[in-house]
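Letters A, B, ... are given to chains in the order of the sequence lines, protein chains preceding strands, and every chain is numbered from 1.
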There are 2 protein chains.
Amino acid sequence: MPIDRLKKRYDRKGFKLTPQRLAILRYLEKEKGHPSAENIYMALKKDCPTISIATVYNTLQALQDMGEIREIVIDPERKHYCCRVEPHHHIICTECRKIYDIFADYSQGLELPDEFRKKFKVTSAQVVYYGICNECREKGNEKL
Amino acid sequence: MPIDRLKKRYDRKGFKLTPQRLAILRYLEKEKGHPSAENIYMALKKDCPTISIATVYNTLQALQDMGEIREIVIDPERKHYCCRVEPHHHIICTECRKIYDIFADYSQGLELPDEFRKKFKVTSAQVVYYGICNECREKGNEKL
DNA sequence: TTGGCTGCAAAATATTTGCAGAACA
DNA sequence: TGTTCTGCAAATATTTTGCAGCCAA
């Protein structure tokens with residue numbers, strides 16, 4: 001996304017588009033593997049050596065509040081983030097913990113049973129696949 | 001599940017069915033809300049005051065390794081556990097963080113796109129719904 | 001010049017590990 | 001008697017918070 005358009009969107013919501021926020025957003029845009037806070041911190045330190053892990057967390061929270069990024073609850077070890085906010089789904093490799101987007105439309109296949117439709121006001125739904133990716137199967141032993 | 005049958009299953013896998021393990025398993029069997037390690041620890045201290053949080057974590061791991069319980073990745077704050085291991089799905093209230101089982105069969109509705117079927121050996125899949133339960137909506141303000 | 005943002009440090013929370021002694025086969 | 005398990009304490013990992021100084025509007 002062009003920088004001036006981004007800036008306007010931020011202004012409208014009362015946020016400032018600081019270099020740190022831009023760097024994190026840009027990194028998430030190009031990184032398909034859905035990094036964790038630590039991944040982002042390590043990657044950004046090359047270009048932005050003064051950045052702190054707290055700023056990464058703060059920024060991820062701010063971007064999430066703005067609706068610019070989404071937290072993915074899929075890895076029991078840590079949170080991951082992605083910048084696509086249209087509803088979609090994910091598959092994770094339980095070896096290398098890389099996550100990929102699945103843009104299939106599952107909405108027809110996921111009917112919430114009546115009992116819960118009465119009990120809950122549903123805000124979102126996601127489908128999560130767990131598996132082992134080919135790279136890890138080749139690297140790993142025959143168990144995988 | 002009767003205690004002698006449980007014991008045999010544990011023996012067969014080389015585990016001992018200690019009072020602590022039994023207590024945790026029993027608690028998970030009756031607790032429909034899918035407690036976290038801390039929930040379990042607090043609840044069990046009444047009847048078993050010497051239990052330690054480390055034993056809860058150790059036991060949850062052991063039970064998971066045995067295939068007796070399942071870890072639910074749904075709450076970004078902490079892990080939750082349930083004792084039903086047949087594949088099923090979940091809905092969580094993002095206010096009180098209680099989790100409920102959904103036993104609907106979604107297998108027909110969840111076709112993994114070809115690109116991933118070639119790239120991944122899939123081991124499991126789950127559907128996760130997020131929402132607000134009626135109790136929390138009534139308790140909470142009109143925002144919810 | 002004021003409010004928001006960063007970086008640092010410390011705190012809070014969640015989970016794991018090492019180890020000595022207890023329990024059990 | 002040897003192996004496994006527990007409980008404690010410490011360690012580790014993840015995430016959050018407080019605050020002083022900085023920066024942009």
Side-chain donor/acceptor pairs under 3.5 Å, residues 8-15 of chain B, sequence neighbours excluded:
residue	atom	partner	partner atom	Å
B/R9	NE	B/E68	OE2	3.4
B/R9	NH2	B/E68	OE2	2.9
B/K13	NZ	B/M66	O	2.5

ask   = Can you list the residues that meet the salt bridge (charged side-chain N to carboxylate O under 4.0 Å, His left out) rule with A/D114, with sequence neighbours excluded?
value = A/R117
key: Contact list for DNA chain D against residues 63-78 of chain A - heavy-atom distance below 4.0 Å   = A/E77, A/R78
task = Name every residue in residues 34-58 of chain B that has at least one heavy atom under 4.0 Å from any atom of DNA chain D, in order of residue number, or write none if there are no such residues.
result = B/T50, B/I51, B/S52, B/A54, B/T55
query = Under the side chain to side chain donor-acceptor pair (under 3.5 Å) test, which residues partner B/R78, sequence neighbours left out?
reply = none
query = Do A/P35 and A/Y81 have side-chain heavy atoms sitting under 4.5 Å apart?
reply = no
message = If you define the side chain from C-beta out and look only at heavy atoms, does anything of A/V73 sit under 4.5 Å from B/Y130?
response = yes
Take the protein atom [atom1] of [X] and the nucleotide atom [atom2] of [N], then report the distance between them rounded to whole Å.
X	N	atom1	atom2	value
A/R97	D/dA13	CZ	P	14 Å
A/K79	C/dA14	NZ	C1'	11 Å
B/L60	D/dC5	CG	P	15 Å
B/L17	D/dC5	CG	P	11 Å

Identify the pairs formed between an N or O of the protein and an N or O of nucleotides 21-25 of chain C at a distance under 3.5 Å, and give each distance.
none

request  = Determine the interplanar angle of the A/Y100 and B/F120 rings, folded into 0 to 90°, and report it as parallel if under 30°, tilted if 30 to 60°, perpendicular if over 60°.
outcome  = perpendicular
Reported CD-to-CD1 distance for the pair B/E115 and A/I102, which is rounded to 0.5 angstrom = 8.5 Å
inquiry  = I need the A/R21 CZ to A/N58 CG distance, nearest 0.5 Å.
reply    = 8.0 Å
query = Does any donor atom in the side chain of A/N39 or A/S36 lie under 3.5 Å from an acceptor atom in the other side chain?
reply = yes
key: Under 3.5 Å side-chain donor-acceptor pair for B/D65 and B/Q61   = yes
query = Are B/H34 and B/D101 close enough, and set up right, to give a side-chain hydrogen bond (donor to acceptor under 3.5 Å, both in side chains), and what steps lead you there?
reply = CA-CA 9 Å; B/H34 302 69; B/D101 289 324; 2.8 Å; yes
inquiry  = Looking at B/Q20, I'd like to know whether one of its side-chain N or O atoms comes within less than 4.0 Å of OP1 or OP2 on D/dG7.
reply    = yes
